[in-house]
Amino acid sequence: MNISREKVLIIDSTTEKHFKAATVEQQILAYHDVQLVHISHVNELPLNLLSEVNYLIIWACVPAVNFDKAFLSNLKNCRTIVKAAVGFDNINVSAARELGITVLNIPDYGTEEVADHALALLLGIARKIEEINIHVKQGGWDWASVKKLYRLRGRKLGIIGFGRIGGAVAKRAAAFGLDVQFYDPYAVSGLDKTHGVFRCESLQELLTSSDIISVNASLNRSSHHLLSHAEFNMMKKGVLLVNTARGAIIDSDALYSAITSGKVAAAGLDVLENEPDIPDDFRTLDNVLLTAHSAFYTEESFLEMRTKSAELVRQKMNGLPVRNCVNENVAEHSELY
């Protein structure tokens, strides 16, 4: 049987460099030509290389790289792009569709990890773990050095975005006795009954009634700066805020004002707008717990992401049906996850 040898290009960043060799991908796509490149700028990719690629796997957002129509137009023979992540906001999916390129993502690879991390941040700021840790390391041993802690049971957790991760956060939160509600205009009817939670019919309803807010939505034009000055003004004074989704969903200036004014008592942030170039002001806030967009990571999730990306490419090569196509419709893909 004559099987054509396909060219697969994996793009990773020189700054993060997730892996040095494409061993996992080469094992899954054994017969084909699999090449891994590490770049810091889109201009480092030779046009002749791009024109030969049949399948493209894109890893983390490479600095200064936006996979817009101008870039995608160079992919003369590319049939499929796999974004090895949940988010695909740096790919112009509509332009890809116009060019006949299918765009796929991996929406389920780190569900457990991100949900666990959201709860870790929530517990960290609710119990003021970092504050008491510093106190003890500096020689103290006084439980009362941490002022005004409140019991979690019975407090209301509002989840923005109720897909895979939002649902997993709800399941974990229930174990702590939190009263869970969510807002997600794209979620199917009855999802609240499936999870045993309350559905808010508007963002305002969630913001005005929640003691704790967890952001678990995808980033798109409708969710960019979803939480800005007006939205923070709606919130209860002393609300706790967790974001493990995308930094640009929250207006950084509005968030900083809300924290320094006391509207937000504490925040746990795995993501920030314009990361890793985050304002120094956030680094100095004692009531902000920061992690380096690490919510997705475990050894298991990392392997799962690599494996699923390569397997999607193999399925497309073999003409098999695939899930997770994000540009089936020319209109903007707006699903919250």
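Side-chain atoms of H38 and E44 form no donor-acceptor pair, as typed in the model, at a separation below 3.5 Å. When only modelled atom types and interatomic distance are considered, S309 and E25 share no side-chain donor-acceptor pair under 3.5 Å. Judged by distance alone, the side chains of D270 and T244 never bring a donor and an acceptor atom under 3.5 Å apart. Between the side chains of N90 and K83, at least one donor N or O sits under 3.5 Å from an acceptor N or O. There is no side-chain donor-acceptor pair under 3.5 Å between H229 and S257.
Ion pairing between E52 and K76 fails under the 4.0 Å rule for side-chain N and carboxylate O. Between E273 and R246 there is no salt bridge, since none of the side-chain N atoms of the basic residue sits less than 4.0 Å from a carboxylate O of the acidic one. With salt bridges taken as basic N to acidic carboxylate O contacts below 4.0 Å, none links D179 and R153.
Neither L285 nor V271 shares a network with the other; the hydrophobic side chains, linked directly or stepwise wherever heavy atoms of I, L, V, M, F, W or Y lie under 4.5 Å apart, form separate groups for each. Cluster membership for L123 and V146, using ILVMFWY side-chain heavy atoms within less than 4.5 angstrom, is not shared. Grouping the Ile, Leu, Val, Met, Phe, Trp and Tyr side chains by contacts below 4.5 angstrom, directly or via other members, places L49 with I81. If you chain together hydrophobic residues whose side chains sit under 4.5 Å apart, V264 and Y150 never meet in one group. Linking Ile, Leu, Val, Met, Phe, Trp and Tyr whenever their side-chain heavy atoms come within less than 4.5 Å leaves F198 and Y186 in two separate clusters.
For the atom pair NZ (K137) and CD1 (I132), the distance works out to 12.5 Å, reported to the nearest 0.5 Å. Atom CD of Q35 is separated from atom CD1 of I11 by 10.0 Å, given to the nearest 0.5 angstrom. Remark: R5 CZ to D33 CG distance equals 5.0 Å, nearest 0.5 Å. For the atom pair CG (L121) and CG (L269), the distance works out to 7.5 Å, reported to the nearest 0.5 Å. To the nearest 0.5 Å, atoms CG (D253) and CZ (F232) are separated by 11.0 Å. Put simply, CE on M305 and CD1 on I57 are 11.5 Å apart, with the number rounded to the nearest 0.5 Å.
More than 12 non-hydrogen atoms from other residues, nucleotides or ligands lie less than 6.0 angstrom from CG of N318. Residue K171 places its NZ atom among 12 or fewer non-hydrogen atoms of other residues, nucleotides or ligands, all under 6.0 Å distant.
Closest approach of F282 to L290, counting heavy atoms only: O-CD1, 3.9 Å. Of all the heavy atoms in V215 and A245, the pair that sits closest is O-CB, 3.6 Å. Heavy-atom minimum distance, C325 versus L104: CA-CD2, 3.5 Å. What you find for A22 and L36 is that their closest heavy atoms are N-CD2, 4.0 Å. The shortest heavy-atom contact between E304 and D108 is OE2-O, 4.1 Å. In this structure, V242 and A118 approach most closely via the heavy-atom pair CG1-O, 3.9 Å.
Checking side-chain atoms of N216 against main-chain N and O of I165 turns up no donor-acceptor pair under 3.5 Å. Side-chain atoms of S202 come within 3.5 Å of backbone atoms of E205 as a donor-acceptor pair (strictly under, hydrogens ignored). Judged purely by atom type and a 3.5 angstrom limit, E231 uses its side chain to pair as donor or acceptor with the backbone of S228. A distance-only check finds a donor-acceptor pair linking the side chain of H135 to the backbone of D142 [under 3.5 Å]. In terms of modelled atom types and a separation under 3.5 Å, the side chain of N74 and the main chain of L47 share no donor-acceptor contact. Within the 3.5 Å criterion, the main-chain N or O of I101 finds a donor-acceptor partner in the side chain of N327. The backbone N or O of P279 lies less than 3.5 Å from no partner atom in the side chain of R283, so there is not a single donor-acceptor pair. Remark: the backbone N or O of L226 is not paired with any side-chain donor or acceptor of S223 at under 3.5 angstrom. Proximity of a side-chain donor or acceptor of S301 to a complementary backbone N or O of F296 within less than 3.5 Å is detected. Side-chain atoms of N92 come within 3.5 Å of backbone atoms of A95 as a donor-acceptor pair (strictly under, hydrogens ignored).
E311 places a side-chain heavy atom less than 4.5 Å from the side chain of I28. The closest side-chain heavy-atom distance from L29 to M317 is below 4.5 Å.
Residue I212 forms a side-chain contact (heavy atoms from CB on, under 4.5 Å) with just one option from L178, V180, L241, V239, and that option is L178.
In this structure, F162 and F182 have parallel ring planes: the angle between them is below the 30° cut-off, well short of the 60° mark.
The cationic atom of R199 (NZ for Lys, CZ for Arg) does not lie both less than 6.0 Å from the six-membered ring centre of Y183 and within 45° of the ring axis.
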